[in-house]
Amino acid sequence: QVQLVESGGGLVQAGGFLRLSCAASGRTFSSCSMGWFRQAPGKERKVVAAISWSGNTTYYADSVKGRFTISRDNANNTMYLQMNSLKSEDTAIYYCAATPRRYISVYPGSYDYWGQGTQVTVSS
């Protein structure tokens, strides 16, 4: 089992920035690949970014490339999502997810553990 808790969401103006954190406990965090997903009202949950267990491989959705950065600190069991140049279309609930698989995945169904989500609202 892995327990995940997100934090860092909030209300920000367009062009601003936020840093989301995902604190993990339970099963060895460093052996899990991780992902950030988001879900806007009435829309399906989609991947934002993903990172391998080692941190050596990352993936970004086209909509956030160049603006968001995913990272992890295995020593402190924490994953981060630095979000810069935020846009109104980034407004959503953001979830972190973990999978014991070594490869990263863009599909929500590949992830076994989920946090409760944190709301990000970008005002234009």
Side-chain angles (χ1 to χ4, degrees):
Q1 288 287 338
V2 176
Q3 292 77 45
L4 303 172
V5 179
E6 303 97 336
S7 62
L11 173 65
V12 63
Q13 289 188 334
F17 63 92
L18 284 172
R19 189 192 197 200
L20 303 184
S21 298
C22 175
S25 60
R27 187 191 177 118
T28 305
F29 171 80
S30 60
S31 66
C32 292
S33 292
M34 306 286 294
W36 284 100
F37 290 77
R38 66 187 181 187
Q39 187 167 19
K43 296 189 176 181
E44 63 181 3
R45 190 172 299 188
K46 291 187 176 181
V47 68
V48 175
I51 189 167
S52 63
W53 65 275
S54 65
N56 290 337
T57 303
T58 57
Y59 167 87
Y60 295 94
D62 287 342
S63 59
V64 306
K65 280 181 182 177
R67 300 188 298 123
F68 290 11
T69 302
I70 190 172
S71 62
R72 65 189 297 164
D73 180 350
N74 285 346
N76 290 298
N77 289 358
T78 306
M79 177 178 67
Y80 303 97
L81 185 68
Q82 178 68 42
M83 306 187 295
N84 298 329
S85 302
L86 283 162
K87 304 175 181 180
S88 57
E89 51 262 45
D90 295 318
T91 295
I93 299 175
Y94 284 70
Y95 298 90
C96 69
T99 173
R101 299 174 177 84
R102 290 303 183 97
Y103 58 85
I104 60 175
S105 174
V106 303
Y107 303 108
S110 298
Y111 292 81
D112 302 281
Y113 308 104
W114 292 84
Q116 82 288 351
T118 185
Q119 177 70 49
V120 171
T121 303
V122 183
S123 63
S124 56

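Note that the structure is predicted; figures quoted are calculated from it, not measured.
Rounding to the nearest 0.5 angstrom, the gap separating the CE atom in Met79 from the CG atom in Asp73 is 12.5 Å. Rounding to the nearest 0.5 angstrom, the gap separating the CH2 atom in Trp53 from the OG1 atom in Thr99 is 14.0 Å. Here the straight-line distance linking atom CD of Gln1 with atom OG of Ser25 works out to 10.0 Å at 0.5 Å rounding. Between the CD1 atom in Ile51 and the OG atom in Ser33 there is a gap of 9.0 Å [rounded to 0.5 Å]. How far CE of Met83 is from OG1 of Thr69: 11.0 Å, rounded to the nearest 0.5 Å.
Scored by the side-chain hydrogen bond (donor to acceptor under 3.5 Å, both in side chains) test, Glu89 finds no partners at all (sequence neighbours excluded). Every side-chain hydrogen bond (donor to acceptor under 3.5 Å, both in side chains) that Thr121 has, sequence neighbours left out, goes to Gln119. Arg19 is linked by a salt bridge (charged side-chain N to carboxylate O under 4.0 Å, His left out) to nothing, counting only residues two or more places apart in sequence or in another chain. Arg72 meets the salt bridge (charged side-chain N to carboxylate O under 4.0 Å, His left out) test with no other residue; sequence neighbours excluded. Judged as a side-chain hydrogen bond (donor to acceptor under 3.5 Å, both in side chains), and not counting sequence neighbours, the contacts of Ser52 are Ser54. With sequence neighbours excluded, no residue forms a side-chain hydrogen bond (donor to acceptor under 3.5 Å, both in side chains) with Arg102. Scanning for salt bridge (charged side-chain N to carboxylate O under 4.0 Å, His left out) contacts around Lys65 gives Asp62, with sequence neighbours left out.
Summarising the geometry of Thr91 relative to Ala40, their closest heavy-atom pair is O-CB, 3.9 Å, with the distance given to 0.1 Å. Smallest separation of non-hydrogen atoms from Asn76 and Thr78: O-OG1, 2.8 Å. Residues Pro100 and Tyr113 come closest through the heavy atom pair CD-CE1, 4.4 Å. Taking each heavy atom of Phe68 and Tyr60 in turn, the nearest pair found is O-CE2, 3.2 Å. Taking both residues in full, the closest heavy atoms of Ala24 and Leu4 are given as CB-CD2, 3.7 Å, listed atom of the first, atom of the second, then distance. In terms of heavy atoms, Ala14 sits closest to Ser124 at CB-CA, 4.2 Å.
Hydrophobic clustering (ILVMFWY, side-chain heavy atoms < 4.5 Å, transitive): Val12 and Tyr80 are in distinct clusters.
Listed by first and then second residue, the salt bridge (Lys or Arg N to Asp or Glu O under 4.0 Å) pairs that reach into residues 2-16 come to none, sequence neighbours excluded. Sorted by first and then second residue, the pairs that involve residues 112-124 and meet salt bridge (Lys or Arg N to Asp or Glu O under 4.0 Å), not counting sequence neighbours, are Arg101-Asp112. Counting only residues at least two apart or in different chains, salt bridge (Lys or Arg N to Asp or Glu O under 4.0 Å) contacts with residues 34-51 comprise Arg38-Asp90. Sorted by first and then second residue, the disulfide bond (SG atoms under 2.5 Å apart) pairs involving residues 61-112 (not counting sequence neighbours) are Cys22-Cys96.
Gln116 CD: more than 12 foreign heavy atoms inside a 6.0 Å radius.
Think of Tyr111 as one node in a network of Ile, Leu, Val, Met, Phe, Trp and Tyr side chains linked at under 4.5 Å; its network also takes in Phe37, Val47, Tyr59, Ile93, Tyr95, Ile104, Val106, Tyr107, Trp114.
A donor-acceptor pair under 3.5 Å is absent between the side-chain atoms of Ser30 and the main chain of Asn74, judged by distance alone. Put simply, the side chain of Ser88 never gets that close to the backbone of Val122: no donor and acceptor are under 3.5 Å apart.
Across Leu86, Asn84, Leu81, a single residue satisfies side-chain contact (heavy atoms from CB on, under 4.5 Å) together with Leu18, and that is Leu86.
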